[in-house]
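None of these values were measured; they are calculated from a predicted model. A, B, ... follow the sequence lines: proteins, then strands. Residue 1 opens every chain.
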Amino acid sequence: MDDLSKAYDPALAEEKWYQQWLDRGDFTADPSRAFNGRGLSDSQKSEQRALGLKEAYSIVIPPPNVTGILHMGHVLNNTIQDVLARRKRMQGFEVLWLPGIDHAGIATQAMVEKQVRKEEKKTRHDLGRDEFLKRVWAWKDKHGGIILQQLKKLGCSCDWTRTVFTMDGLDPRHPDPRINYSRWVTHVFVELHKKGLIYRGRRMVNWCVVSRTALSDEEVIMKQTQGSMWFLRYPLADNPEKHLVVATTRPETMLGDTAVAVNPKDERYSQWIGKKLKLPLVGREIPIIADELVDPAFGTGCVKVTPAHDPADFEMGNRHNLEQIQVIGFDGKMTSHAGADYTGMDRYECRKKVVSDLEALHLVEKIDAYANSVGYSERADVPAEPMVSEQWFLKYPAVKASLDAVTSGQITFWPDRWAKVYEHWMDGIKDWCISRQLWWGHRIPVWTRNSEIHVGMEPPVGDGWLQDPDVLDTWFSSWLWPFATMISAPEKLDSEIRNPKSEISVFYPTHDLATAPEILFFWVARMIMAGVEFKGGLPFHNVYFNGIVRDKIGRKMSKTLGNSPDPLDLIGKYGADALRLGTMRCAPLGLDVRFDEQQVELGRNFCNKLWNAARFRLSQGAPSGQSIPTLQDLSANDLSSDDKAILMRLDAAVREIEGAFARYEFNQITAQLYELFWTHYCDWYLEASKATLYGTDERAKAVTLCVMDHMLNAMLRLLHPFTPFITEELWHAINPSASSIQFAPWPTPLSPTDASRLGLQPDVIRFVGQKQEAVSAGRNLRASYNIPANRKTPFAFTPQGDWHKSAHEVSVLKILLNADPLDYVTTAPKGSASAVTPLGTIHLPLEGLVDVEAERKRLTAQIGKIEKELLAVNAKLNDPGFTGRAPKEAVDKHRARADELKTDIEKIHAQIATLGGS
RNA sequence: GCGCGCUUAGCUCAGCGGUAGAGCGCUUGCUUCACACGCAAGAAGUCGUAGGUUCGAUCCCUACAGCGCGCACCA
């Protein structure tokens, strides 16, 4: 048994154990030794286990971006998954935690384009598509997926042999990957196209002028912005003296106006309908049209209509056959249609110029400050431009079944309020724009030759075919994640499903999904639909939505704010276990997490305390089973009240933790563990055990060590999912011949038989609680008279009950009070300070040092406090409403409490009486 | 505008019909042979506001306020 150092050094243990876990393949799931428990009865499962098979448990990681680096959100999300996975391993499951990364089309392409621009002063167009993609693959080789290495530092027990990349199958250098994920993406496109769910259309989409691509609605974030409302005068074509006033928040779009609309019922304008206006700055004549959409009460009741640049106007334009004039280009600069004065100008520069030009013509009626929401491109963080273009759209499959899955409870959301958000979105679901004007991604499997079209897994034969240049939205690949990562290729679906030992047969559907609520629509909802549509089954049973990690003052953590600590720095400073524990401790179900480095410090302190508790144990002799008994060998008579109480605390904690896991209340679990270990075990049990360990009764000593071993081993196992490294380290220190704690059985509640054999009765825990109260009271006396805790001092008891006949109890009190001697008296020694406790009145003899007046004051104050409570209790008992209507239990409880309080007061009065003096 | 969530000790958060809890911070004492990343003692809250239900409300209901978040074609 090696000596442990005085303080825990996480770096050593982390490096050592993670490498060993990898070397031994502890995280590698083996379908051949597992069975899928879905739909099996308990007895069927037992049969499988009898064959030496383990029940399967699986989670898929929410694949981080290939460009991503670890941030606090990942720490929270992945620690949760690791906790789930590690506990299941200990419970005897065959665990697959499947890791991977996605190709992050926009972000990755932008990053490599930037690099190429910087290093070679070239654009991607200079390089050409093939050459550019080579650069991206090279970049990926070098920098991609750093985050997976970082997850290892965090201790994540992913099955790294099964790591999947969403573009596997497309790397020309590795044409035959284990999982041809890309083939799945193509297959799904082709199938949905066959079903008529994918179509091409010229529609208004959100356009990101920085990334130069269309976006889906979900990739646009509405931001509340403080802008202006410009009121512009549009003169009548045949009478420039008269004009209509339109209100707009985007004056630059007026260059593309092709009508002005009013509500047909708006009498103010009814005589204007059908007339023409002369569009200022442009000179185009545009009609005044009537459309129900116009709200007469808003603005002036006149709406400028720009069918090429506004979704509502686009619809209106279609209804009235208006021309679409694109004045803002895909690059965010004005097109030639905007007129010579504005061509090439940035859209916001143009806004300023249009306004000033109109002002010069006295055509600006007024400008109001105006708060409105503007859609921003999520990736580039610039306003998204509504733009008409030709794109591919998906009509979502399996919507109803996917909605029902959640409303019926086949899939449970934790916390369940997200189910409402899901339902709301699914109810109003709109077609998904899946094409992106990028090169990095899965190219759309559509080829055209003149008017011919070919949609298929393979290119068409013959010459002259052109493939669609666009790629698919990254989410169009990640929505297949839970099953496409488990089947080698779509062609193998049937054969692999028929094989009962294939990954898909054993590990699908997954059990839990832990993710962020931000991607409920992006990912979770779509995965459910894809699972139903292509795998014929739901992809998971439970979805746990972790909170968003915020900084101390509640701001979302972000690179731009610079308020996000680097988790690797934190690991370096405090250790991975500390970071994990600190994060989980402050992660209540479904609430955002306020992160504070102090939480990690707390985690480190906890680990150090654990370390030292183990050190203490090791300093006391050999482990259980050798020279000392194990818990199995013991019965009630062997155990002290303290032994029994701590075993009961453990049992209660095991039960609580079981329930908290079932409800995904991770912070409750850590709180339970904290209290069990720190308060009950260290502060009380370990301290009390010194009475025995420093004594001479060898048998008692052996029993105490046995209980300690039992406690430490149980606590280490309960803690292991949260703090894998230190628990593995200490597990081996305490159990020199044991194998990894990762597969040590998860603690279960004691059976009634064991509990009764060990004499674990509620009155034991009550008694130990009373003993602790008595100790606290004694220490309080000591502190009141400034007697340092480390100075031995005599105490005396006027005992209540017969506990003082037990040598064990006396010795425990002596050591906890640091008392010597501890006497028993019928009345208080002259000149002592006293306190009433459940074990009797405790006296601190002060041999004339006692300040009679101060003591009287102290005791009187105590009486005052008790009387106050008594008054409240009596008030209730004197209320006929209470005694008449409250349950008998409550009334009895109050009566007992009143008696107790009265007795205490009497005792203190008696104490004051013995003080003497004036 | 609609919907959801939060509001408890200086800070971060538990609790949830019947004497208000933890950690950090603070005050005091302690290097006592596991741990100063520690031990012991202590101070500190009209549980957002106003109503209602109840014998009794921090807890249930209603309204309001503040903060946060989703959704929304009001230009």
Note to self: Without decimals, in angstroms, what is the distance between A:Phe606 CZ and B:rC37 P?
What the structure shows: 17 Å
Next item on the list: Please determine, for the side chain of A:Lys430, which listed nucleotide (B:rC74, B:rA34, B:rA72) has the closest atom?
Entry: B:rA72
Margin query: Distance check, P atoms only: B:rA43 and B:rA50, in whole angstrom units.
Written below: 28 Å
Check: Taking for each residue the nucleotide of RNA chain B bearing the nearest heavy atom, is the 5' side occupied by A:Phe521 or by A:Gly881?
Finding: A:Gly881
Check: Is any side-chain N or O of A:Glu687 under 3.5 Å from a base N or O of B:rA34, one able to act as donor and the other as acceptor?
Finding: yes
Check: Can you tell me if the side-chain N/O atoms of A:Asn790 get under 4.0 Å from OP1 or OP2 in B:rU31?
Finding: yes
Note to self: Say we look at B:rU12 and B:rC71: how far apart would their C1' atoms be, to the nearest angstrom?
What the structure shows: 30 Å
Item checked: Interatomic distance at C1', B:rU32 relative to B:rG38, whole Å -> 12 Å
Next item on the list: Verify whether one side chain among A:Asp217 and A:Asn206 offers a donor that lies under 3.5 Å from an acceptor in the other.
Entry: yes
Next item on the list: With P as the reference atom in both, quote the distance from B:rC26 to B:rG21 in angstrom, rounded to an integer.
Entry: 23 Å
Check: What does A:Arg250 touch in the nucleic acid at a heavy-atom separation under 4.0 angstrom: a base, only the sugar-phosphate, or nothing?
Finding: nothing
Next item on the list: Sort out the partner of B:rC2 for me: Watson-Crick or G-U wobble, both distances under 3.5 Å, none otherwise.
Entry: B:rG70
Next item on the list: Could you check whether A:Asp683 gets within reach of a base, just the sugar-phosphate, or nothing at all, counting any heavy atom under 4.0 Å?
Entry: sugar-phosphate
Item checked: Under 4.0 angstrom between A:Asn605 side-chain N/O and B:rG38 OP1 or OP2 -> yes
Note to self: Quick check for you: among B:rU32, B:rG15, B:rA75, whose closest atom lies nearest to any side-chain atom of A:Asp295?
What the structure shows: B:rA75
Note to self: Any carboxylate oxygen within less than 4.0 angstrom of a Lys/Arg side-chain nitrogen, looking at A:Glu900 and A:Arg897?
What the structure shows: yes
Note to self: Could you tell me how far B:rC47 sits from B:rA20 if I compare only their C1' atoms? Round to whole Å.
What the structure shows: 8 Å
Notebook entry, point to check: Taking N and O atoms by type only, does the side chain of A:Lys609 place a donor or acceptor under 3.5 Å from a partner on the base of B:rC35?
Noted result: yes
Check: B:rU54 and B:rG45: how far apart are their C1' atoms, nearest whole angstrom?
Finding: 25 Å
Notebook entry, point to check: Choosing from B:rG38, B:rG18, B:rA14, which nucleotide comes nearest the side chain of A:Trp678?
Noted result: B:rG38
Next item on the list: Give the nucleotide from the list B:rG70, B:rU32, B:rC71 with an atom nearest to the side chain of A:Val421.
Entry: B:rG70
Note to self: For a quick test of reading the model: is some side-chain N or O of A:Gln668 closer than 4.0 Å to OP1 or OP2 of B:rG15?
What the structure shows: yes
Next item on the list: Evaluate ring-ring contact (aromatic ring centres under 6.0 Å, His included) for A:Phe677 paired with A:Phe606, printing each intermediate quantity in order.
Entry: CA-CA 9 Å; A:Phe677 170 69; A:Phe606 185 90; 5.2 Å; yes
Notebook entry, point to check: If you check every side-chain atom of A:Pro788, which of B:rC73, B:rA75, B:rG29 has the closest atom?
Noted result: B:rG29
Margin query: Can you identify which nucleotide, out of B:rC73, B:rA75, B:rA41, has its nearest atom closest to the A:Arg779 side chain?
Written below: B:rA41
Margin query: Of the options B:rC24, B:rA34, B:rG18, whose atoms approach the side-chain atoms of A:Leu602 most closely?
Written below: B:rC24
Item checked: Plane angle bin for A:Phe882 and A:His894 - parallel if under 30°, tilted between 30 and 60°, otherwise perpendicular -> perpendicular
Check: Can you find a side chain N or O atom of A:Lys420 that sits less than 4.0 Å from OP1 or OP2 on B:rC71?
Finding: no
Next item on the list: Determine: side-chain N/O of A:Asn780 to OP1/OP2 of B:rG42, distance under 4.0 Å, yes or no.
Entry: yes
Note to self: So, OP1 or OP2 of B:rA34: does either fall under 4.0 Å of a side-chain N or O from A:Tyr694?
What the structure shows: yes
Could you pull out every donor-acceptor pair under 3.5 Å between side chains of residues 220-229 of chain A and any protein atom, sequence neighbours left out?
from	atom 1	to	atom 2	distance (Å)
A:Lys223	NZ	A:Asp381	OD1	2.6
A:Gln224	NE2	A:Ser373	OG	3.3
A:Thr225	OG1	A:Asn372	O	3.1

Check: Does A:Ser776 put a side-chain nitrogen or oxygen below 4.0 Å from OP1 or OP2 of B:rA41?
Finding: yes
Check: The side chain of A:Asn372 lies closest to which of these nucleotides: B:rA75, B:rC35, B:rC73?
Finding: B:rA75
Next item on the list: Could you work out which one of B:rG18, B:rA75, B:rA14 sits closest to the side chain of A:Val303?
Entry: B:rA75
Item checked: Phosphate-side-chain proximity, A:Tyr370 and B:rA75, N/O vs OP1/OP2 below 4.0 Å -> yes
Item checked: A:Ser373 side chain, from C-beta outward: closest of B:rA72, B:rC4, B:rA36 -> B:rA72
Next item on the list: Would you indicate what A:Lys6 reaches in the nucleic acid, counting non-hydrogen atoms under 4.0 angstrom: base, sugar-phosphate, or nothing?
Entry: sugar-phosphate
Check: How many Å lie between CD on A:Gln598 and P on B:rA22, as a whole number?
Finding: 17 Å
Notebook entry, point to check: Rounding to the closest angstrom, what is the interatomic distance between B:rG70 and B:rU53 at atom P?
Noted result: 39 Å
